[in-house]
Asks: 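Mind looking over this structure? Questions follow.
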There are 2 protein chains.
Amino acid sequence: MSSRPDPSLATQFAALGDPTRLAIVDRLIADGPLPAGALQDVADISAPAISRHLKVLRQAGLVQQRVDAQRRIYAVDPEAIRAIGTWTITRQEFWQGSLDRLAVLLDPDKD
Amino acid sequence: MSSRPDPSLATQFAALGDPTRLAIVDRLIADGPLPAGALQDVADISAPAISRHLKVLRQAGLVQQRVDAQRRIYAVDPEAIRAIGTWTITRQEFWQGSLDRLAVLLDPDKD
DNA sequence: CCATTAATTAACGCATATGTTATATATATG
DNA sequence: CATATATATAACATATGCGTTAATTAATGG
């Protein structure tokens with residue numbers, strides 16, 4: 001059944017490559033940890049479909065699951081999101097021209 | 001035939017979600033613009049297969065194509081890579097804890 | 001003009017992904 | 001204990017993705 005997680009970058013990108021899953025991740029980042037049922041409205045699909053998207057995200061190492069009675073609470077792993085950012089940042093020489101704009105966004109003093 | 005590019009974030013993630021395509025992008029970033037033939041060795045697959053991966057990357061807006069005689073020169077669009085970084089960065093509050101480490105990486109004075 | 005080089009497109013097979021509905025599992029509750 | 005609630009898993013149909021080889025297009029060069 002090969003249910004072992006593969007946290008490789010390509011796998012993480014693939015997981016985020018589905019619009020429904022990207023919406024789930026965005027929702028969990030914006031709202032914080034949520035039970036599976038609360039994610040029902042990110043797309044017009046059945047509960048089992050959502051459940052399987054969550055499984056894909058979990059296997060990619062993007063979200064973690066916590067059990068609370070009959071609920072499964074899902075939360076995005078911050079390190080995983082940071083890993084995506086790191087991939088782009090380690091290629092910073094490449095998009096030099098946009099570097100300063102990005103630095104402004106990153107500045108902790110900003111806002 | 002619907003060959004129009006869809007530069008949506010999910011589409012870009014999906015394009016990077018294939019190991020061969022991620023290798024192509026990494027190669028083009030590291031080595032600069034290359035003809036399709038020079039990308040042959042990123043994976044043990046046929047030339048048509050590479051060609052189709054390049055088409056996917058092009059439709060996602062990740063790479064651009066320039067014609068030079070019978071060669072097609074491919075190059076990564078820096079803005080597209082930056083866009084991926086921006087997605088993570090606009091969620092910076094989320095991975096706060098890792099912020100300082102990231103800031104060090106981004107620092108233009110570093111190295 | 002014919003052969004070579006470079007790359008794409010066509011046609012096809014097969015594996016994986018994604019959706020559905022039905023069923024199972026586990027916890028809570030009257 | 002019987003039922004409701006929350007979620008996952010099973011079984012299945014269809015779509016999409018990715019590989020192959022063969023054929024096509026286009027430019028170069030003897």
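Protein chains get the first letters and strands the later ones, always in sequence-line order, with residue 1 at the start of each.
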Asks: Just verifying a value: how many Å separate A:L16 CG and B:L16 CG, rounded to the nearest 0.5 Å?
Replies: 10.5 Å
Asks: Write out all pairs satisfying salt bridge (charged side-chain N to carboxylate O under 4.0 Å, His left out) with one or both partners inside residues 60-72 of chain B, taking only residues at least two apart or from two chains.
Replies: none
Asks: In whole angstrom, give the distance that lies between atom NE2 of A:H53 and atom P of C:dT18.
Replies: 6 Å
Asks: What is the separation between atom CZ on B:R71 and atom C1' on C:dT4, rounded to the nearest whole Å?
Replies: 12 Å
Asks: Mind listing the residues from residues 22-50 of chain A sitting with a heavy atom below 4.0 Å of DNA chain D? Number order is fine.
Replies: A:P35, A:A36, A:G37, A:P48
Asks: As an exercise, state the distance from CG of B:D77 to CD of B:Q64, rounded to the nearest 0.5 Å.
Replies: 4.5 Å
Asks: Is any side-chain N or O of A:Y74 closer than 4.0 Å to OP1 or OP2 of D:dA6?
Replies: no
Asks: Five pairs per end, C1' atoms only: what is the angle between the end axes of the helix from C:dC1-D:dG30 to C:dG30-D:dC1, to 10 degrees?
Replies: 10°
Asks: From CG of A:L54 over to C1' of D:dT7, roughly how many Å is that when rounded to an integer?
Replies: 10 Å
Asks: Nearest whole Å is fine: how far is D:dT5 C1' from A:I73 CD1?
Replies: 14 Å
Asks: Rounding to an integer number of Å, can you tell me how far A:D18 CG sits from C:dT18 P?
Replies: 5 Å
Asks: Inspect the surroundings of CG in A:D41 and state if more than 12 heavy atoms from other residues, nucleotides or ligands are less than 6.0 Å away.
Replies: yes
Asks: Side chains of B:Y74 and B:L28: does their closest heavy-atom pair fall under 4.5 Å?
Replies: yes
Asks: With a 4.0 Å cutoff (strictly under), does any side-chain N or O of B:Q65 reach OP1 or OP2 of C:dT8?
Replies: yes
Asks: Give the nucleotide from the list C:dT20, C:dA6, C:dT9 with an atom nearest to the side chain of B:R52.
Replies: C:dT9
Asks: How long is the span from the OG atom in A:S8 to the CZ atom in A:F13, to the nearest 0.5 Å?
Replies: 10.0 Å
Asks: D:dA6 C1' sits how many Å from A:R66 CZ, rounded?
Replies: 15 Å
Asks: Report yes if at least one side-chain N or O of B:R21 is closer than 4.0 Å to OP1 or OP2 of D:dC18; otherwise report no.
Replies: yes
Asks: For the residue pair A:A80 and A:Q12, what are the closest heavy atoms and their distance?
Replies: CB-NE2, 4.0 Å
Asks: Give the C-alpha distance, both sets of side-chain angles, the deciding distance and a yes or no for side chain to side chain contact (heavy atoms under 4.5 Å, CB included) between B:I81 and A:W87.
Replies: CA-CA 9 Å; B:I81 304 304; A:W87 180 77; 4.0 Å; yes
Asks: Taking for each residue the nucleotide of DNA chain C with the nearest heavy atom, is it B:S51 or A:D68 whose nucleotide lies nearer the 5' end?
Replies: B:S51
Asks: Whole-Å distance between D:dG17 P and B:L57 CG?
Replies: 14 Å
Asks: Whole angstrom is fine here: how far is it from CD in B:Q59 over to P in D:dC18?
Replies: 12 Å
Asks: If you define the side chain from C-beta out and look only at heavy atoms, does anything of A:R82 sit under 4.5 Å from B:T88?
Replies: no
